Amino acid sequence: MTEAGSSGSPTPGRLEGKRAAMVVCWFLGLGSLVSWNSMLTIGDYYYALFPHYHPSRVLTLVYQPFAVGTVATLAYNEARIDTRKRNLAGYTLFFLSTLALLLLDLGTSGKGGLGNYIGICILVAAFGVADAHVQGGMVGDLSLMCPEFIQSFLAGLAASGALTSALRLMTKAAFENSNNGLRKGVILFLAISIFFEFLCILLYAFIFPKLPIVKHYRAKAASEGSKTVSADLAAAGIQTEANETLLPSMQVDDDKYPERLSTKQLLFQNFDYALDLYLIYVLTLSIFPGFLYENTGHHKLGSWYAVVLIAMYNAWDLVSRYIPLMECLKLKSRKGLMLATLSRFFLIPCFYFTAKYGDQGWMIFLTSFLGLTNGYLTVCVLTAAPKGYKGPEQNALGNLLVVFLLGGIFSGVALDWLWLIGNRKF
């Protein structure tokens, strides 16, 4: 019995480690955003420290230029970059930056001030660089494997938001009436993030490359001319210099690698997928999280309101990333994906009029729908796009799509400031 890989070629059904690889991919996705999602989820703490600096908007705006600039540079040079070193560098930078953020808070005793705010902004910029290394590297790497690995990684990304939101609700309830309770919850958040980043370093360095199914896909990519997987194969005990060390069915003449499509050709062939991702995240980030923190008014939930909205978005974003696992519910039509992506822009007037005239129940519903459509469409696009290409092309395409994804986030964050037009607090 065989199963199809993302390139459409058969994969031996007896290869072991698929479920283990999916679990590892889930944790690697979790570690890719848990630090940043912790920053977003503890936004109420930073609003208490820096009430006049629009932290949810400013920190996101600081984060994105570094993420987009770095991922664009890495995507341009992806064929020459060692994926193993790139991903390990990203997770290590996440670990060190989150640790520094915790030490900064401990060293300043949780005080505000412009100097501390600038220090936080610098560390957030480091988060952006780390995100560019990890997201582009991991999506490119997993694109040359089976679609379930990308789905698990993307589910892990969403799980980081759901996890931090759940922890935020618990810590807010536990510490709300205690002395300096808000800060205690933040310290717990950062400590948990540090643990997960360290775990990801260990998983990617020592566990993931040694799984049989991962070795199979990487050896297959190397047989098709990919140079980005050599260090990961070496870590698994497979040398790529000689053909006989690859899987026997994949031996090829070094001078006869199939010519891969250029990045420009891949972009032309998949421009609709790239545009889908760009528009999905332009819309999402023009609302989440800045609008939810600053433009939804005051309601019965009081200080819990923004925290609940963030939690509902993250929860439905996570749930929706598992829906495409059911083939009957997976949207595969390229025209259908574009139509669904464009239709989400009707949410903008919905959010505006709900914030102005509606009650909190309608706002919670809209926020949940925003998360539901965000996660579902992201998985549909990123699992469909790599099919039919060779390993090196799938890696390049994965990197290219992440450039548009992060570009959409950056544009959405910039457009989010338009909600403040006419607001005297601007």
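Please read these numbers as outputs of a predicted model, since none were measured by experiment.
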Interatomic distance, [X] atom [atom1] to [Y] atom [atom2] [nearest 0.5 angstrom]:
X: Leu331; Y: Leu377; atom1: CG; atom2: CG; answer: 7.0 Å
X: Thr164; Y: Leu30; atom1: OG1; atom2: CG; answer: 9.0 Å
X: Phe351; Y: Ile287; atom1: CZ; atom2: CD1; answer: 4.5 Å
X: Arg344; Y: Leu372; atom1: CZ; atom2: CG; answer: 9.5 Å
X: Asp272; Y: Arg334; atom1: CG; atom2: CZ; answer: 4.0 Å
X: Thr284; Y: Tyr313; atom1: OG1; atom2: OH; answer: 4.5 Å

Please find the pair of heavy atoms, one from [X] and one from [Y], that lie closest to each other, and give the distance.
X: Ala132; Y: Leu406; result: CA-CD1, 4.5 Å
X: Gly29; Y: Tyr91; result: N-OH, 4.5 Å
X: Phe410; Y: Val68; result: CB-CG2, 3.7 Å
X: Ala221; Y: Gly391; result: CB-CA, 4.3 Å
X: Gly90; Y: His133; result: CA-CB, 3.7 Å
X: Phe149; Y: Lys18; result: CE2-O, 3.8 Å

Notebook entry, point to check: When you look at Val23 and Ser152, which way does the side chain to side chain contact (heavy atoms under 4.5 Å, CB included) test go after all the steps?
Noted result: CA-CA 7 Å; Val23 172; Ser152 293; over 6 Å; no

Next item on the list: Assign the ring pair Phe95 / Phe198 to parallel, tilted or perpendicular, where the plane angle (0 to 90°) is split at 30° and 60°.
Entry: tilted

Next item on the list: Check the angle between the aromatic planes of Phe94 and Phe127 and answer parallel, tilted or perpendicular using the 30° and 60° thresholds.
Entry: tilted

Is there side-chain contact between [X] and [Y], with heavy atoms separated by less than 4.5 Å?
X: Val24; Y: Tyr204; answer: no
X: Tyr352; Y: Ile348; answer: no
X: Leu101; Y: Met39; answer: yes
X: Ile207; Y: Leu202; answer: no
X: Leu397; Y: Ser143; answer: no
X: Leu74; Y: Glu78; answer: no
X: Ile81; Y: Thr228; answer: no
X: Leu337; Y: Val381; answer: yes

Item checked: The single option from Tyr117, Tyr47, Tyr46 passing ring pair (Phe, Tyr, Trp, His ring centres under 6.0 Å) against Tyr53 -> Tyr117

[X] and [Y]: side-chain donor and acceptor closer than 3.5 Å?
X: Tyr281; Y: Asp276; value: no
X: Ser286; Y: Asp416; value: no
X: Ser226; Y: Lys390; value: no
X: Glu197; Y: Ser35; value: yes
X: Thr98; Y: Ser193; value: no
X: Asp131; Y: Tyr63; value: yes
X: Asn37; Y: Ser160; value: yes
X: Ser411; Y: Tyr278; value: yes

Judged by atom type as modelled, is there a donor-acceptor pair below 3.5 Å linking the side chain of [X] to the main-chain atoms of [Y]?
X: Asp317; Y: Gly375; result: yes
X: Gln151; Y: Arg321; result: yes
X: Ser343; Y: Ala340; result: yes
X: Asn374; Y: Leu370; result: no
X: Asn270; Y: Leu266; result: yes
X: Asn399; Y: Ala75; result: no

Next item on the list: Check the pair Leu277 / Leu382 against side chain to side chain contact (heavy atoms under 4.5 Å, CB included), numbers first and verdict last.
Entry: CA-CA 9 Å; Leu277 285 173; Leu382 286 175; 3.7 Å; yes

Next item on the list: Could you list the residues that satisfy side-chain hydrogen bond (donor to acceptor under 3.5 Å, both in side chains) with Glu393, not counting sequence neighbours?
Entry: none

Note to self: Test of understanding: with side-chain hydrogen bond (donor to acceptor under 3.5 Å, both in side chains), list the residues that count as partners of Ser320, not counting sequence neighbours.
What the structure shows: none

Looking at [X], I want to see if its [atom1] is surrounded by more than 12 non-hydrogen atoms of other residues, nucleotides or ligands under 6.0 Å.
X: Lys227; atom1: NZ; result: no
X: Phe66; atom1: CZ; result: no
X: Phe345; atom1: CZ; result: yes
X: Phe369; atom1: CZ; result: no
X: Trp26; atom1: CH2; result: yes

Notebook entry, point to check: Going by an N to O cut-off under 4.0 Å, is there a salt bridge joining Arg86 and Asp82?
Noted result: no

Notebook entry, point to check: Hey, are Lys215 and Asp232 close enough for a salt bridge, meaning a charged N less than 4.0 Å from a carboxylate O?
Noted result: no

Margin query: I'd like to know whether Gln269 forms a side chain to side chain donor-acceptor pair (under 3.5 Å) with Tyr389, so could you lay out the CA-CA distance, the side-chain angles of the two residues, the decisive distance to 0.1 Å, and finally the verdict.
Written below: CA-CA 11 Å; Gln269 291 183 11; Tyr389 292 101; 2.7 Å; yes

Item checked: Working for side chain to side chain contact (heavy atoms under 4.5 Å, CB included), residues Val402 and Met138 -> CA-CA 10 Å; Val402 171; Met138 286 301 303; over 6 Å; no

Check: Yes or no on side chain to side chain contact (heavy atoms under 4.5 Å, CB included) for Leu401 and Val139, after CA distance, side-chain angles and deciding distance?
Finding: CA-CA 9 Å; Leu401 292 176; Val139 170; 5.8 Å; no

